[in-house]
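In listed order, ligands and their atoms are each counted from 1. Numbering of residues begins at 1 and proceeds along the displayed sequence.
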Amino acid sequence: MKLIQQSFTASRNSIWKRSFIYTFFLVVVLLMACDQQPETTFGKPGDKFVETLLAKMTLEEKIGQLNLVASSDFVTGDFEETDIAKITKEAKAGGILNIRSVERIRTVQKAAVEETRLGIPVLFGLDVIHGYKTIFPIPLALSCSFDLGLIEETARVAAQESTADGLAWTYSPMVDISRDPRWGRVAEGAGEDTYLGSLIAKAYVRGYQGNDLQGNNTMMACVKHFAAYGAAEAGREYNTVDMSKLTLYEWYLPPFKAAIDEEVGSIMTSFNEISGVPSTSNHWLLTELLRNDWHFNGFVVTDYTSINELVNHGNARDDKNAAELAMKAGVDMDMQGRVFLNNLKVLVEEGQISEELVDQAVRRILEAKVKLGLFDDPYKYCDEERVKTDIMNENQLAVARESVAKSCVLLKNENKTLPISKNVKSIAIIGPLGNSKKDMLGNWMAAGEPEKAVTLLEGIQKKVGSDVKVQWIEGCKVDDSDKSGFAEAVKLARQSDYVILALGEHGWMSGEAASRTDINLPGVQNELAEAVINTGKPTAVVLFNGRPLTITKLDEMAPAILETWFGGTQAGNGIADVLFGDYNPSGKLTMTFPRNLGQVPVYYNHKNTGRPLDPERPDFKYLSRYIDSPNNPLYPFGYGLSYTTFQYSDLTVNSEGEQVHISVSVANTGEDDGEEVVQLYVQDKVGTITRPVKELKGFKKLMIKKGESKTIDFTLTKDDLAFYHPDLSKSYEPGEFVFFVGGNSQDNLQKTIDLK
Ligand code: BGC
């Protein structure tokens, strides 16, 4: 290796010499790899290639691998400009985040491969959360599709596009369960349910990583934020989390475990503390649970400057102490904090941290690079040809459009206000979100280009053609008190055959660092809606938002409401498909819509309490209730209408040995073909640990043609009915179980049986 180092130094000024040496070096690396491949499997601890490389590394080079440095292409936290190429040449960067484009990535990779002593390639990562350039609906929206194949496909497209532009690693999926819509990051997750969230976590990992990380169009996923970040007190961003281990195991951890079972390559720590110990210094979480119990063999990256923040948490005295705590807890890579970079060497020299512990972290980073095939070809994602063919191509845009339509949830539809007839002569689109390109992309828009996003106005214009007069008027801003545009809006409504109100939040009002204490429609939008609806024109509300909102007032006024979230690049086209009936809506809510903020947290799988509401005694005071609001939400989990109607009948439940068979008949009793998400819930009536009033245990999404009736079968095992006990073991308790089947979590057929 010394020989190689001398050659590198001598060749600094000569390009041809450099490339010769590079080729030579690559051949050496390849020979080493080929030599060792038969003896061991790449990517598994103990990999010979990795061990040989590790043995050659100085302590400084090892610490460099544990440093993840932010570039300036995106800013996602406290940021200081860094010369990325310089830090890479100094062998002080194992990974770079927030960077994009083949050209930029190639330059930095060249610095790593050609200008460092060992030429270890860099891992390039970015928050590809709901698409790279083709932006899909926000994850909360996609979860409402209940379509795991579609979600997987969106992740696959995101990986195709990201890798075509140089990236190897995405900080997705975000699998934080949350029951609090004040928290802006609910937009990034799959909602409130653990069972669904776990299946969706797996779908994302499959989509990003495919079957083969060695390919050039798959990327490493990073499941985040470990753990319980979604339970921040009062929904305030980065706030404290305190919960019992039972709750953690039961509701918050399973989606992480699911991603790990799907072989996710990396995991990110969360910003919050859990019961007094921050995740990033939490040995129990990162080592005992993650490594010893779950056998996770990928690597652990912190969230942005999370190690530094141990000082603010009051858990570490200073950065040095923070580095020690994080390393000992089980962190492998430090995102943007430079705490490992600046402190680990001294800590090792002083004997506070053993070099073996550092080696263990380095090994995991190197293994990730091996898994990705970066040692075989550090430029495997740098193919300019793929930029032309694999980004925003027709197929990818078609997936995006389909995913918009399938993510929409029809909340209300009186008098068949929707779909809109294609024979109307004039349509007024009124509201601040009717023609906003940027807002369509929501938050975390990766490389998405707002100018390429299709707005509601554009989508409708394209759908109805030039024979229909389509006009848009803002009426008011999203978030101020100016009502001066109301008169013009009302005038336009009066002159039009049909009105679409385009209301909601700005894209930036959800996502990271976007908690709200008031989740009503912001500004004067409710008043605008009232003024327009009072014209008596047929009106449908189209909502754009990143969280459940309290829209009780709107719900009282508007005859039809379509929840569209933030649909991404193809938002306007996909929504128009639904509005005009070319796609019959099938989305179902994955987060409860409260009636008012005081109900929060309100979620479907709550406990019964000792004094539940009693329909027989509506006026009895001493029950678990409010004196100023019903307990039930405005729209429950699993809820969503269709243009057709479905009727459920003939529920049967039979137990047979270890299995329970559930069967139901669903008839399409309306006038349109449509898809329905048939949902199965279970209540375990009596437990040594009390069980929720209902838990989702299965669902099937299927097309039922008008007039048709289908039988849907589910099979559950007793394992599916098991739950956690105080010693954190999971087991099943025989007894009485209620099985509910229906089109949402509230209105179901039910059958109770005794299970042995
Ligand atoms: C977010 C992470 C994100 C990271 C890198 C942090 O602020 O919490 O979700 O992956 O930044 O951009």
Side-chain angles (χ1 to χ4, degrees), residues 67-80 82 84 93-100 123-132 138-140 155 158 162 167-178 183-190 201 204-205 208 219-232 235-239 241 255-256 259 264-274 278-280 298-310 312-313 331-339 442-448 508 510-515 546:
N67 192 30
L68 176 61
V69 186
S71 163
S72 57
D73 291 5
F74 300 89
V75 176
T76 55
D78 217 354
F79 180 72
E80 221 175 274
T82 309
I84 297 297
I96 308 283
L97 84 145
N98 288 350
I99 186 167
R100 65 188 177 95
L123 194 54
F124 295 97
L126 185 80
D127 293 283
V128 180
I129 308 294
H130 53 118
Y132 180 67
I138 55 170
L140 181 61
S162 314
L167 294 162
W169 186 27
T170 174
Y171 308 120
S172 173
M174 190 280 222
V175 303
D176 297 310
I177 296 299
S178 185
W183 192 50
R185 299 198 84 165
V186 299
E188 298 171 48
Y204 274 109
V205 176
Y208 291 127
M219 73 198 305
M220 186 169 281
C222 180
V223 64
K224 68 187 188 187
H225 306 83
F226 197 52
Y229 185 27
R236 199 186 77 213
E237 183 63 300
Y238 313 130
N239 207 1
V241 173
F256 291 95
V264 68
S266 59
I267 189 165
M268 188 186 290
T269 66
S270 58
F271 285 124
N272 55 286
E273 67 167 60
I274 308 173
S279 300
T280 306
F299 72 95
V300 176
V301 62
T302 69
D303 204 344
Y304 204 98
T305 62
S306 284
I307 307 181
N308 319 54
E309 291 167 24
L310 295 178
N312 283 342
H313 274 290
V331 167
D332 300 314
M333 197 179 230
D334 168 8
M335 186 192 284
Q336 184 61 2
R338 310 271 171 111
V339 188
N443 56 82
W444 294 115
M445 52 182 85
W508 56 262
S510 53
E512 186 174 357
S515 294

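Checked against M268 for a side-chain contact (heavy atoms from CB on, under 4.5 Å), the options V301, V223, T280 give a single hit: V301.
Close contacts between ligand 1 and L97 involve ligand atoms 5 (C), 12 (O) [criterion: under 4.0 Å to a heavy atom].
Polar contact check, E512 against ligand 1: a nitrogen or oxygen pair lies under 3.5 Å apart. The N/O atoms of T76, backbone and side chain alike, include one that comes under 3.5 Å of an N/O atom in ligand 1. Between K224 and ligand 1, a contact under 3.5 Å exists for at least one N or O pair.
Listed by chain and residue number, K224 satisfy the side-chain hydrogen bond (donor to acceptor under 3.5 Å, both in side chains) test with D127 (two or more places apart in sequence, or in another chain).
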Determine whether N443 and S510 satisfy the following criterion, side chain to side chain donor-acceptor pair (under 3.5 Å), listing intermediate values before the conclusion.
CA-CA 7 Å; N443 56 82; S510 53; 3.2 Å; yes
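The nearest protein atom to atom 10 (O) of ligand 1, hydrogens excluded, is given as D127 OD1, 2.5 Å; this is a heavy-atom distance. Among all protein heavy atoms, the one lying closest to atom 2 (C) of ligand 1 is D303 OD1, 3.2 Å.
Judged purely by distance below 3.5 Å, without hydrogens or angles, the side chains of D176 and S178 never pair a donor atom with an acceptor atom.
Contacts between R185 and ligand 1 below 4.0 angstrom, taking non-hydrogen atoms only, involve the side chain exclusively. Residue F271 touches ligand 1 through its side chain alone, judged by heavy-atom distances below 4.0 Å. Contacts between H225 and ligand 1, counted as non-hydrogen atom pairs separated by less than 4.0 Å, involve the side chain only.
When all heavy atoms are compared, the tightest approach of P278 to L310 is CB-CD2, 3.5 Å.
Taking the six-membered ring for Trp and thresholds of 30 and 60 degrees, Y229 and Y238 have nearly parallel ring planes, at less than 30 degrees apart. Relative ring orientation between Y204 and Y208 is described as parallel, the plane-to-plane angle staying below 30° on a 0-90° scale split at 30° and 60°.
The shortest heavy-atom distance from M335 to ligand 1 is under 4.0 Å.
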